[in-house]
Amino acid sequence: MEIAADINNNIVTDAWTEGLLFRGFEKMLEGRNPFDAVYFTQRICGICSTAHSIASTLALEDALGVVVSQQGRYLRDFIHGCEFLQNHIRHFYQYTAPDFIKLPEGNTLFETDHNDFRLPKEKNDRIVRHYFDSLEYSRNAHKMLAILGGKAPHNHGVFIGGITTQATPEKIARLRSLLMNIKQFICDSMIPDAYTVAEYYQEYFKIGRGYGNLLTFGCFDGYEKLGTLYVNPSTYSGGRTMKLNPGEITENIYSSWYMAKSETYTPFQIIPEPDMKKSDAYSWVKAPRYRGLPYEVGPLARMWLCGKYRNGISTMDRTLARVLEAKKIANIMLFLLDKLIPGVDVQKEYEVPRSAYGAGLIDTTRGALGHWIRIENQVISLYQIITPSAWNLSTRDRDNIPGPGEKAIIGTMIRNSDAPVELGRIIRSFDPCVSCATHVYSKGNLIKTMQVVP
Amino acid sequence: MNDREIFINMIDDNLNEMSDTIDCLYTTSNFRVKNKLLNRLRKSMSNISMLTQGLRNDTSMNNPQPSSDRLFTLDELSRYNGRNGNPAYVAINDIVYDVTGNAAWGGATHFGLTAGTDVTSPFASCHAGQPILSKLKVVGKIT
Amino acid sequence: MNQTSNSCSNFSTRLETVSVLVHRAIDAIQQKTIKKRNLIWLELTGCSGNIISLLDGANPDFKSIACQLVNFIYDNSLMASEGEAALEKLFSMADGDYILAVEGAVSTKDNGMYNIIGRWKGQPVTAYEAVKKFGEQAGHVITVGTCASDGGISAARPNPAECVGIQNLLNRRVIKLPGCPCHPDWFMGTLAYLMLFNEPELDARQRPLMFYSTLIHDICPRRPYFNQGIFASKPGEKTCMFKLGCRGPVTRVDCPIRKWNDRVNWPIGDDSPCIGCAMFGFPDKMEPFISYDTT
């Protein structure tokens, strides 16, 4: 991933987010056994693999007409929660924190190319300590995932009907003890650390706003007996919160290296063909739109839409919403753990219909994720995937409307254009799931390239 | 009973006889009887040597003749895909083998191959020279 | 939780190998009998799941590797510096001594333009160029995960980015650690062994025998069910997964005893079949992953 930015008189006048890695999963899935999609699509991303297994499972359940049992949902959603905790802890300490705190000298990994570190030594040192401590907690989040899911990354547990295995009293006890420890770390270290950073970087509450259009597909929502524990599928735009209508999602390839019969299409219509020679295109990322508009997705969108966080929409608000969400997810998981009944087998033998179609829409660590599957002759005939990062880092569409990430960068005041640290911090607040670099141009001349990590 | 089992039974018979002969050797003091028993021992040994040779030939033969006269067209073979109660058969060099319980054929599939098909050429490219076919049950041949 | 018999001394010794090797290497570095080596970790066409798996390593953990065993020179997702400054660090190693670890396959389509890892002096650097440049000169090359080892899921039919494993590009021997992802122990053990004793003994497919010598089926705790012909007809059952399409009988790796994530579980322990993720030919030749109506 690279960001190209035009900077004139220390103001970003234009920006382009460029995805430079092509995978082609949608093409690969054509002709495969539909059940295989659950394990296959996880390999799209090693950091959010569980998210794909869940979206894929939901799409298959929709296509097969399988109604998942409540125990099946609790087990599966608990696994999903483990991934949220793993991701949020790693993202805050391993990816966000190094932007704002000075890591120890003498290790090549920790060398930086800017010097905008503002925390007093003892506060800086405390977060550095937590940088290393956090490795144990994010690792333990994956350990919880493996207890129910077999292994992580790329779990085996999430499947049609819930998960493959059953809860046992031993597993529940072990999960509770691991989860309590992680929750304590989130409350005692991660949340205070995020507020400490925010205190010293106040202007980031005003930088990187973007459109202020927010969208969620919902998660931990609509349980038969428990209702919604987190957030329902909804959108926010121009001060209004609305129910989500999935029929209004489109994707656009005007600025992406793809060709198709139609430049804009709905998820079930077209899988475009890669074409790197296309002129005017600048990214492998496509441009998802809702009602024709770009929308931001992720923890801030969810916390905003469920009404738990309304401080503002900015770089720092995204980071704060993410760490606050981690605590909320940990509480939901503790609640679900109490509802688990040991020994309930949720698996059945499933049959692939001759032809069917289904959609799996779910909010995951980084935001709204959609899988759309079409089955013909008992094999996959179409598989569409729209990732959260495609929403956030989407390219311009025909009307030259920038994606949310691009919009968040444009207009930013850069203090030192030799070290435009603002750009990396803005993009990283979206938690892009691709590693990413920034090019800075001044009046058309490249002056600097920097990389933004996931 | 197939050839292999017959060979093994005969080897066991000879071994039992050798054991008896050795027991007799311990008890006899007559040197004529002793020589006779030693001759018997030598004969058993030569039998065993012959039988093991036969066994070796049998296992190294990767092209056994079908013991069943059952004939399959490729179309008929395709029904034996290991699903819905049908056993899993594959054809190699026009001989049809049963792979239903074969560990390497989990889910009646093997490295992208499915049961009910002719797998002669992938077999030749992956398992040339390996004593695999003699361990499989032959169920017929392709017409 | 499906514990393998702990009384088997073969199994328990094998589980200690990695921590013994790593701690011996760290001791040797502290006593200055061997030197810390430089490590370059490239993330190419793949999911970055192998670096995440390495962060999940528990005994020893990632911190002891990164702080005491090697100098982690470059990894684009963990390093704090960005863009050209990051590539500067990578290119500064060009003529030095380093071990190269690669995860992800290499896209060869359109001269590698389907995967650009960064820019150096204004020019795009493709994964293809980076592997060629740093692969030939490295002290050792370790391919971490199935994509780097054999193409893996990145090269799945119809292979839209024309991906290949690292070995296809290099005129030198690489050490392959397939697995989707690679178990942290397999990587750490191999790395420590390299530093202490040079290259470990490899099999015909260039995999270290200390991890890849045993067929899953032969040490599977559910093997007695196979022998008795007791088979699961759907996931969730506690018997042999053979009829569901288990790839344990064709996959060589020590998963059943090593297990995952601090040894808490593994795919068959989770009542699901092995999908052969550590085997060449994954995924195309290991599918279908789940079959229901097997006779």
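Protein chains get the first letters and strands the later ones, always in sequence-line order, with residue 1 at the start of each.
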Report task. Answer with side chain, backbone, both or neither: which region of N81(B) has an atom nearer than 4.5 Å to a non-hydrogen atom of chain C? Result -> neither

Query raised in the report: Of the backbone (N, CA, C, O) and the side chain (C-beta and beyond), which part of A108(B) lies under 4.5 Å from a heavy atom of chain C, both, or neither?
Result: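 Looking at A108(B), backbone and side chain both touch chain C.
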
[X] atom [atom1], over 12 foreign heavy atoms within 6.0 Å:
X       : atom1 : result
D23(B)  : CG    : yes
K109(C) : NZ    : yes
Y225(C) : OH    : no
R157(C) : CZ    : yes
M18(B)  : CE    : yes
N84(B)  : CG    : yes
R205(C) : CZ    : no

Side chain, backbone, both or neither: which part of [X] has an atom under 4.5 Å from a heavy atom of chain B?
X       : value
F242(C) : both
F280(C) : both
M279(C) : side chain

**Report entry** Minimum heavy-atom distance between S291(C) and G107(B), given as atom pair plus value
**Finding:** OG-O, 4.1 Å

**Report entry** Closest-packed option against chain B by number of heavy-atom pairs under 4.5 Å, given M241(C), K243(C), K285(C)
**Finding:** K285(C)

Query - Approximate separation, where rounding is to 0.5 Å, of N86(B) CG and T295(C) OG1 - result: 5.5 Å

Requested in this report: Start with the C-alpha distance between Y292(C) and R83(B), add both sets of side-chain angles, then the distance that settles side-chain contact (heavy atoms from CB on, under 4.5 Å), and finish with yes or no.
Outcome: CA-CA 9 Å; Y292(C) 282 104; R83(B) 322 226 137 267; over 6 Å; no

Report task. For residues T109(B) and R247(C), determine if any side-chain heavy atom of one lies less than 4.5 Å from a side-chain heavy atom of the other. Result -> yes

